[in-house]
> 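Below: one structure in structure tokens.
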Amino acid sequence: AQSVTQLGSHVSVSEGALVLLRCNYSSSVPPYLFWYVQYPNQGLQLLLKYTSAATLVKGINGFEAEFKKSETSFHLTKPSAHMSDAAEYFCAVTTSGNTGKLIFGQGTTLQVKP
Amino acid sequence: EPEVTQTPSHQVTQMGQEVILRCVPISNHLYFYWYRQILGQKVEFLVSFYNNEISEKSEIFDDQFSVERPDGSNFTLKIRSTKLEDSAMYFCASRGTGGNTEAFFGQGTRLTVV
């Protein structure tokens with residue numbers, strides 16, 4: 001069975017500061033990993049995905065994530081936060097062997113202070 | 001850009017009533033999903049649907065729930081007799097073929113059971 005743990009339900013950074021949102025996964029088979037963002041009253045939008053190619057993945061809006069198998073981690077980073085980055089971020093895992101269902105983490109709310 | 005469309009955006013219903021949530025997935029996608037998000041909690045998998053049948057369902061998806069793809073374009077979730085605890089945001093998602101393809105989510109339907 002797969003699972004995802006996001007450390008920190010709420011992260012607050014200043015505008016221009018580094019954003020680091022943590023995600024650790026558990027999977028008995030090679031995982032596919034995703035980060036989704038949810039703006040208020042909107043659906044889930046894909047930020048980036050890891051699918052066993054390059055371990056450093058670049059996504060939209062300047063975000064990137066690095067897959068580290070030894071640490072079972074897929075942390076999301078952005079060098080410089082913008083006010084518009086304020087949202088809820090979800091890490092999710094699936095594997096090629098199942099129906100493609102996503103197992104989500106608990107979510108991290110990112111607050112960006114001016 | 002193709003998108004997943006859900007209607008209605010918000011539905012209020014009385015306890016015990018039946019509701020049908022509607023989704024139009026992306027046209028060339030073959031895998032369809034329903035997820036729900038209770039306020040303040042993580043996104044949870046309900047059911048996956050492929051080749052006109054349920055391919056996987058969670059323990060949440062009991063006999064009160066059903067899904068249907070009635071006409072080749074719509075994908076519906078029916079809750080037969082709603083309970084207060086069914087109040088949540090329901091997301092439809094669709095995915096193309098290939099284990100590494102991402103799911104595209106709709107904007108969600110907020111269901112409020114009173």
Side-chain angles (χ1 to χ4, degrees), chain A residues 1-10 21 23 25 27 29-55 57 59-60 65 67 74 87-109, chain B residues 1-7 9-10 21 23-26 29-51 53-61 67 88-110:
Chain A
Q2 299 121 28
S3 66
V4 174
T5 302
Q6 290 183 240
L7 295 174
S9 59
H10 192 103
L21 305 182
C23 172
Y25 70 92
S27 178
V29 296
Y32 296 143
L33 294 156
F34 304 83
W35 275 99
Y36 283 87
V37 60
Q38 184 181 31
Y39 297 103
N41 300 314
Q42 294 191 27
L44 299 165
Q45 180 183 4
L46 181 72
L47 274 178
L48 49 79
K49 64 180 182 180
Y50 166 76
T51 57
S52 74
T55 56
V57 181
I60 62 171
F67 172 71
F74 190 57
E88 183 136 25
Y89 292 79
F90 292 95
C91 182
V93 65
T94 189
T95 68
S96 62
N98 68 11
T99 56
K101 73 175 184 185
L102 291 167
I103 304 299
F104 285 87
Q106 301 91 322
T108 298
T109 301
Chain B
E1 184 176 320
E3 60 179 15
V4 176
T5 305
Q6 289 186 244
T7 55
S9 56
H10 191 185
L21 310 184
C23 170
V24 178
I26 294 173
H29 284 181
L30 299 178
Y31 296 85
F32 313 111
Y33 307 88
W34 283 100
Y35 293 83
R36 80 171 185 190
Q37 184 183 30
I38 295 172
L39 188 64
Q41 298 186 24
K42 67 178 178 180
V43 178
E44 300 174 289
F45 168 77
L46 290 178
V47 65
S48 60
F49 192 86
Y50 171 73
N51 200 25
E53 62 182 19
I54 291 173
S55 48
E56 188 173 357
K57 60 184 181 180
S58 72
E59 62 275 10
I60 302 169
F61 194 89
V67 290
M89 181 74 89
Y90 289 81
F91 291 107
C92 173
S94 69
R95 186 173 69 87
T97 56
N100 61 354
T101 56
E102 66 267 27
F104 290 80
F105 283 78
Q107 299 288 81
T109 293
R110 179 163 297 286

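Convention: sequence-line order gives letters A, B, ...; per-chain numbering from 1. In this text the structure is predicted, and so the values were computed from the model without any measurement.
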> Where does Phe91(B) contact chain A at under 4.5 Å (heavy atoms): side chain, backbone, both or neither?
side chain
> Evaluate the side-chain proximity of Gln38(A) to Gln37(B): yes if any heavy-atom separation is below 4.5 Å, no if none is.
yes
> Crowded around Ile60(A) CD1? As in, over 12 foreign heavy atoms under 6.0 Å?
yes
> Would you please name every residue forming a salt bridge (charged side-chain N to carboxylate O under 4.0 Å, His left out) with Glu44(B), sequence neighbours left out?
Arg36(B)
> Do Glu102(B) and Tyr32(A) make a side-chain contact, defined as non-hydrogen atoms from C-beta onward lying under 4.5 Å apart?
no
> Taking side chain as everything from C-beta outward and backbone as N, CA, C, O, which of these in Leu102(A) sits under 4.5 Å from a heavy atom of chain B? Side chain, backbone, both or neither.
both
> Counting only heavy atoms closer than 4.5 Å, note whether Tyr36(A) contacts chain B via side chain, backbone, both or neither.
side chain
> What is the distance from atom CZ of Phe105(B) to atom CG of Leu46(A), rounded to the nearest 0.5 Å?
9.5 Å
> So which part of Ser55(B) gets closer than 4.5 Å to some heavy atom of chain A, the side chain, the backbone, both or neither?
both
> What pair of heavy atoms forms the shortest contact from Thr99(A) to Glu56(B), and how long is it?
OG1-OE1, 2.7 Å
> Does any heavy atom of chain B fall under 4.5 Å from the side chain of Gln45(A), the backbone, both, or neither of them?
neither
> Is it the case that over 12 heavy atoms from other parts of the model lie below 6.0 angstrom from the NZ atom of Lys57(B)?
no
